[in-house]
Amino acid sequence: MTTLKRYPLVQQAAEHLLAKISAGEWTVGQKIPGETTLASTLGVGRSTVREAIRELSGSGILEPRQGSGVYVIATEPNAGWDGVLLHTSIRDVIETRLAIEPEATRFAALRRTEDDLTLINKRLEERKQATTQSITPAEITRLVDVDIAFHREVVGASHNLVMIDLFSALTPRIRESMTGMLSTQRPSGVTEPSSPTDHDAHNDIANAIADREPTTAYNLSRAHLLELLDGHSRYQESSSR
């Protein structure tokens, strides 16, 4: 069984799957093993495998086919899209999220299933646990991962495959930019827990989706991302003085 470092598991799982594809273990057109088998091989949960597959799907490596499985469709990521993401700023990433997530959240409130709610609430609880403890630099990546996992489930509940793929394609850059932003904004050593207000905003989004309130869900998602953008802008201004 492959042993992965503790964080970030999703990124490591994606890299491990890509390595197998690059080595020719799974060729183009071939179906990869199922989530349960891969989870056992990597020593991680099925949700981690699922998110890793979504990332590779977003970069054009894998293709899930309903009722059939997940297939290899390329051996290298889409160079053009990855090249664009490589040079994007944190502001670009947040603004792109603003273009996708509020609308996806609105659709989630309209289309969510009970299974969707179960996953959203599970990620919300994981996020709560990560934000109610002191955060060391080594734990910042975990906080980013559980935050991304929550937003991924929200976008997934939209049941819009294009929005889901766009978010998956953005995920590596979101992770990198958010980790960098938190690392530079927080001093070295143990820091204070993440803001309870920030977690309350995520809880409100989940409640709006559960209550099937699309307008409220849209507005809450947009407000959260605008606050994130504003916080980044304030930090940039203070850093340049």
Side-chain angles (χ1 to χ4, degrees), residues 1-78 81-82 85 104 108 112-127 129-130 139 141-176 178-179:
M1 182 176 72
T2 301
T3 301
L4 300 182
K5 298 176 183 179
R6 189 175 180 189
Y7 306 120
L9 289 181
V10 173
Q11 185 174 356
Q12 291 181 67
E15 290 173 354
H16 181 77
L17 298 180
L18 181 57
K20 285 182 173 291
I21 294 169
S22 299
E25 185 169 336
W26 304 321
T27 58
V28 173
Q30 183 178 353
K31 178 181 176 180
I32 69 172
E35 288 179 3
T36 301
T37 300
L38 290 175
S40 177
T41 300
L42 298 177
V44 297
R46 289 180 60 186
S47 62
T48 298
V49 172
R50 189 177 305 119
E51 291 175 18
I53 289 173
R54 285 177 176 172
E55 284 198 15
L56 293 179
S57 298
S59 60
I61 298 292
L62 298 176
E63 180 181 69
R65 299 174 185 173
Q66 189 170 5
S68 179
V70 179
Y71 290 80
V72 179
I73 59 173
T75 57
E76 295 182 357
N78 184 319
W81 183 237
D82 282 355
L85 293 179
R112 59 83 174 162
T113 65
E114 290 303 315
D115 287 343
D116 291 329
L117 284 183
T118 297
L119 289 172
I120 289 171
N121 288 328
K122 181 178 180 181
R123 303 301 173 222
L124 186 67
E125 180 59 29
E126 291 171 350
R127 193 182 186 285
Q129 293 302 317
E139 292 171 324
T141 304
R142 177 174 180 268
L143 173 58
V144 171
D145 272 353
V146 295
D147 181 77
I148 289 174
F150 170 81
H151 289 284
R152 189 197 299 277
E153 297 300 349
V154 169
V155 175
S158 74
H159 296 277
N160 181 301
L161 295 181
V162 176
M163 288 181 172
I164 292 170
D165 282 351
L166 283 173
F167 187 85
S168 294
L170 279 172
T171 295
R173 190 64 183 97
I174 292 174
R175 178 180 292 111
E176 182 182 356
M178 296 306 295
T179 301

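Quantities reported herein were computed from a predicted structural model and do not represent experimental measurements. Just so you know, these numbers use all the heavy atoms, side chains as well, and skip hydrogens, waters and symmetry mates.
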Study note, to complete from the structure: Residues passing the side chain to side chain contact (heavy atoms under 4.5 Å, CB included) test with Thr113, sequence neighbours excluded, are Asp115, Asp116, His159
Review point. Considering residues at least two apart in sequence or located in another chain, which fulfil the salt bridge (charged side-chain N to carboxylate O under 4.0 Å, His left out) criterion with Glu55?
Key: Arg152, Arg175
**Study point:** Note, Arg123 side chain near Val146 side chain (heavy atom, < 4.5 Å)
**Key:** no
Study note, to complete from the structure: Applying salt bridge (charged side-chain N to carboxylate O under 4.0 Å, His left out) to Glu63 and not counting sequence neighbours gives Arg65
Check your understanding: Going from CG on Leu56 to CD1 on Ile32, what distance comes out if it is rounded to the nearest 0.5 angstrom?
Key -> 8.0 Å
**Study point:** Donor-acceptor under 3.5 Å (Ser158 side chain, Val154 main chain)
**Key:** no
Exercise for review: Heavy atoms only: give me the nearest Met163-Val155 pair and the separation to one decimal.
Suggested key: O-CG1, 3.7 Å
Check your understanding: If you look at every heavy atom in Gly69 and Lys31, which pair is closest and at what distance?
Key -> CA-CE, 3.9 Å
Check your understanding: If you round to the nearest 0.5 Å, how far is CG of Leu17 from CD of Glu25?
Key -> 10.0 Å
Check your understanding: What are the two closest non-hydrogen atoms of Pro64 and Ser57, and how far apart are they?
Key -> CD-OG, 3.4 Å
Exercise for review: Apply side chain to side chain contact (heavy atoms under 4.5 Å, CB included) to Gln30 and list each qualifying residue two or more places apart in sequence or on a separate chain.
Suggested key: Trp26, Thr27
Exercise for review: Give every residue pair that meets the side-chain hydrogen bond (donor to acceptor under 3.5 Å, both in side chains) criterion with at least one member in residues 162-171, sequence neighbours excluded.
Suggested key: none
Check your understanding: Out of curiosity, Gln11 CD to Asp145 CG, how far, rounded to the nearest 0.5 Å?
Key -> 8.0 Å
Practice item. Before giving the answer on side chain to side chain contact (heavy atoms under 4.5 Å, CB included), spell out for Val10 and Ile148 the whole-Å C-alpha distance, their side-chain angles and the decisive distance to 0.1 Å. Key: CA-CA 10 Å; Val10 173; Ile148 289 174; over 6 Å; no
Review point. Does the side chain of Ile120 come within less than 4.5 Å of Phe150's, by heavy atoms?
Key: yes
Check your understanding: Rounded to the nearest 0.5 Å, how far apart are CD of Gln12 and OG1 of Thr48?
Key -> 10.5 Å
Review point. Is any side-chain heavy atom of Leu62 less than 4.5 Å from a side-chain heavy atom of Ile21?
Key: yes
Revision key, fill the gap. Between Leu119 and Glu153 the two heavy atoms that sit nearest each other are CD1-OE1, 3.6 Å
Study note, to complete from the structure: Sequence neighbours excluded, the answer for ring-ring contact (aromatic ring centres under 6.0 Å, His included) partners of Phe167 is none
